[in-house]
Amino acid sequence: MLKDHKLVIIGGNSAIGECFLDAAMAQGAACAVIGRSDPGKDLPFFVADITSLDELSVAANKAIGSLDGIDTLVNFAGTHHAPMDFCKDDPQKLLSEYHRVMDVNLTGAFLATMIFSKHMIGRRHGHILHLCSNASRLSLYGSYAYNISKHGLEGLIKTAAAQLAPFGVRVNGVAPGTIETALNRSLLRSGENGGYSLRASAILAHTPTKKFATLDGIAETLLATCIPQRHLTGNVIFCDDGYNIEGHSWPAGNAALYSGEEALQTLFTHLNQDYPHEH
């Protein structure tokens, strides 16, 4: 599917980044990685801080040179913060966290777009793909800096897509749904039995499938978006099981969810009985 496709990946050490990197290599893509730590793969790796113009410029030149060109840049670099409370939290700490998140999520994306688009314009070819979030469109509770950065990222994608289109350069984003990983499990699970936390329940209540996204599923969307598609630009593609579009659906699912994970699993059992799976 991506045989000999030249991919430069920023931030290949995240859970999503690593899963995508393995999947892209399995599909025959030629990959180079830029980041702060080596992903430990048999491929070119170049150290850089995405918030540094000089470091990222040097790493971009090296990465593109190692592949003898570039088809797609995929930017996974990103960070989050603890929920902010304007009434209780220290203002200076909030401001510090705001700057930290904005530097990585938005300034870093701006630098990556600026640096790599210059290479692509000269070739009249290329695709820049940023990792977005449901926070690109929606409000996530207490995530002020993160929401601002991801809303801004969609603005960057649209602006760059419009300006770079005459040069054959496309810019898009992929917005994953919530994935349960080791890093966020403490936010999504609670109690001795490890049931869903209130935050997890709130997310799943507005997800039509009542399920979290998976790493493999997100990688599938990313791979599909990397396939050359001459008309696809300026878009954010949501792979979130419908979280961003649901208004009110499946009341029985919501009711079971708030009753607990066991009730939800029982509901799925009845659902499978009422609507047999066709093999």
message: Are more than 12 heavy atoms, taken from residues, nucleotides or ligands other than Arg36, located less than 6.0 Å from that residue's CZ atom?
response: no
Side chain to side chain contact (heavy atoms under 4.5 Å, CB included) between Phe20 and Ile9, worked out: CA-CA 10 Å; Phe20 168 76; Ile9 297 164; 3.8 Å; yes
Sequence neighbours left out, cut at 3.5 Å: what donor-acceptor pairs do the side chains of residues 215-232 make with other protein atoms?
residue	atom	partner	partner atom	Å
Thr225	OG1	Thr221	O	2.7
Gln229	NE2	Ala224	O	2.8
Gln229	NE2	Ile227	O	3.2

Return a table of donor-acceptor pairs under 3.5 angstrom between the side chains of residues 101-110 and protein atoms on other chains or two or more places apart.
residue	atom	partner	partner atom	Å
Asn105	OD1	Thr79	N	2.8
Asn105	ND2	Thr79	O	2.9
Asn105	ND2	Ser149	OG	3.1

message: By the salt bridge (charged side-chain N to carboxylate O under 4.0 Å, His left out) test, which pairs, at least two apart or in different chains, include something from residues 253-274?
response: Arg189-Glu261
query: Which heavy-atom pair separates Asn134 from Asp240 by the least distance, and what is that distance?
result: OD1-OD2, 2.7 Å
- prompt: If Ile, Leu, Val, Met, Phe, Trp and Tyr residues are connected whenever their side-chain heavy atoms lie under 4.5 Å apart, and connections chain through other members, are Ile70 and Val74 in the same group?
  reply: no
- prompt: Taking all atoms of both residues into account, what is the closest heavy-atom pair of Phe45 and Pro39, and its distance?
  reply: CD1-CD, 3.6 Å
message: List the residues meeting ring pair (Phe, Tyr, Trp, His ring centres under 6.0 Å) with Tyr243, not counting sequence neighbours, and say none if there are none.
response: none
message: When you measure from the side chain of Asn193 to the backbone of Gly195, do you find a donor-acceptor pair of N or O atoms at a distance under 3.5 Å?
response: no
message: Between Thr72 and His5, is the side-chain hydrogen bond (donor to acceptor under 3.5 Å, both in side chains) condition met? List the steps.
response: CA-CA 8 Å; Thr72 301; His5 195 83; 2.8 Å; yes
message: Checking the side chain of Asn235 only, and the main-chain atoms of Ile237 only, is there a donor and an acceptor separated by less than 3.5 Å?
response: no
task: State, with a plain yes or no, whether a side-chain heavy atom of Gln27 is found less than 4.5 Å away from one of Lys3.
output: no
message: Side chains of Asn75 and Leu131, heavy atoms from C-beta outward: is any pair under 4.5 Å?
response: no
Could you pull out every donor-acceptor pair under 3.5 Å between side chains of residues 58-66 and any protein atom, sequence neighbours left out?
residue	atom	partner	partner atom	Å
Asn61	OD1	His119	NE2	3.0
Asn61	ND2	Ser57	O	3.3
Ser66	OG	Ala63	O	2.7

query: How long is the gap from CG on Leu111 to OG on Ser52, to the nearest 0.5 Å?
result: 8.0 Å
- request: Please report the shortest heavy-atom distance between Ser133 and Phe238, naming the atom on each side.
  value: O-CE2, 3.8 Å
message: Heavy-atom count check: over 12 atoms from other residues, nucleotides or ligands less than 6.0 Å from Gln265 CD?
response: yes
query: Looking only at side chains, do Asn272 and His277 share a donor and an acceptor under 3.5 Å apart?
result: no
message: Applying side chain to side chain donor-acceptor pair (under 3.5 Å), can you list everything that pairs with Asp22, at least two apart in sequence or on another chain?
response: Lys41
task: Mind running side chain to side chain contact (heavy atoms under 4.5 Å, CB included) on Asn13 and Phe76 for me, showing each step along the way?
output: CA-CA 9 Å; Asn13 277 321; Phe76 288 108; over 6 Å; no
field: Heavy-atom closest contact (Asn184 atom, Ile179 atom, distance)
entry: ND2-O, 2.6 Å
- prompt: Do Asp49 and Thr51 meet the criterion of a side-chain donor-acceptor pair at a distance under 3.5 Å?
  reply: yes
field: For His80, ring pair (Phe, Tyr, Trp, His ring centres under 6.0 Å) partners two or more places apart
entry: Tyr146
message: Just verifying a value: how many Å separate Leu156 CG and Met114 CE, rounded to the nearest 0.5 Å?
response: 10.5 Å
message: Testing the basics here: between Asp71 and His125, what is the closest heavy-atom pair and its distance to 0.1 Å?
response: OD1-NE2, 2.7 Å
message: Tell me every residue that passes side chain to side chain donor-acceptor pair (under 3.5 Å) with Thr178, counting only those two or more places apart in sequence or in another chain.
response: none
- prompt: Should Leu21 and Phe116 be regarded as members of a common hydrophobic cluster, given that ILVMFWY residues are connected when their side-chain heavy atoms come within less than 4.5 Å of each other, either directly or indirectly?
  reply: no
task: Give the minimum heavy-atom separation between Pro208 and Asp241, together with the two atoms involved.
output: CD-O, 3.1 Å
- prompt: What's the spacing between Leu56 CG and Ile10 CD1 if we round to 0.5 Å?
  reply: 5.0 Å
task: Determine, using the 4.5 Å side-chain heavy-atom cutoff (strictly less than), whether Ile157 and Val8 are members of one ILVMFWY cluster.
output: yes
message: Does anything in residues 126-143 form a salt bridge (charged side-chain N to carboxylate O under 4.0 Å, His left out)? List the pairs, not counting sequence neighbours.
response: Arg137-Glu154
task: May I ask you to test the Tyr258-Ser201 pair for a side-chain heavy-atom distance under 4.5 Å?
output: yes
query: Would a distance-only check, ignoring hydrogens and angles, find a side-chain to backbone donor-acceptor pair under 3.5 Å from Lys6 to Asp68?
result: yes
- prompt: Quick one: hydrophobic cluster around Leu94, which other residues, with the 4.5 Å side-chain cut-off, linked directly or via members?
  reply: Met84, Phe86, Tyr144
Joint cluster assignment, Leu257 & Leu187, ILVMFWY side-chain distance < 4.5 Å: no
- line: So CG of Leu264 and CG of Leu204: to nearest 0.5 Å the spacing works out to 7.5 Å
query: Rounded to the nearest 0.5 Å, how far apart are OG1 of Thr266 and CG of Leu271?
result: 12.5 Å
message: Can you see whether Phe268 has Lys211 sitting over its ring - NZ or CZ less than 6.0 Å from the centre and within 45° of the normal?
response: yes
- prompt: Excluding sequence neighbours, so at least two apart, what forms side chain to side chain donor-acceptor pair (under 3.5 Å) with Ser197?
  reply: none
- request: Determine, stepwise, if the pair Leu153 / His151 fulfils side chain to side chain contact (heavy atoms under 4.5 Å, CB included).
  value: CA-CA 5 Å; Leu153 180 56; His151 273 66; over 6 Å; no
- prompt: Got a donor-acceptor contact below 3.5 angstrom from the Ser136 side chain to the Cys132 backbone?
  reply: no
task: Tell me, please, which residues at least two apart from His99 pass side chain to side chain donor-acceptor pair (under 3.5 Å).
output: none
- request: Could you please spell out the steps behind the side chain to side chain contact (heavy atoms under 4.5 Å, CB included) verdict for His127 and Leu73?
  value: CA-CA 6 Å; His127 183 202; Leu73 167 72; over 6 Å; no
query: With the 4.5 Å side-chain cut-off for hydrophobic clustering, are Met25 and Ile16 part of the same group?
result: yes
query: Are the side chain of Lys210 and the backbone of Ala256 linked by a donor-acceptor contact shorter than 3.5 Å?
result: no
Under 3.5 Å: donor-acceptor pair, side chain of His130, backbone of Val174: no
query: Going from CD1 on Ile115 to CG on Leu53, what distance comes out if it is rounded to the nearest 0.5 angstrom?
result: 5.0 Å
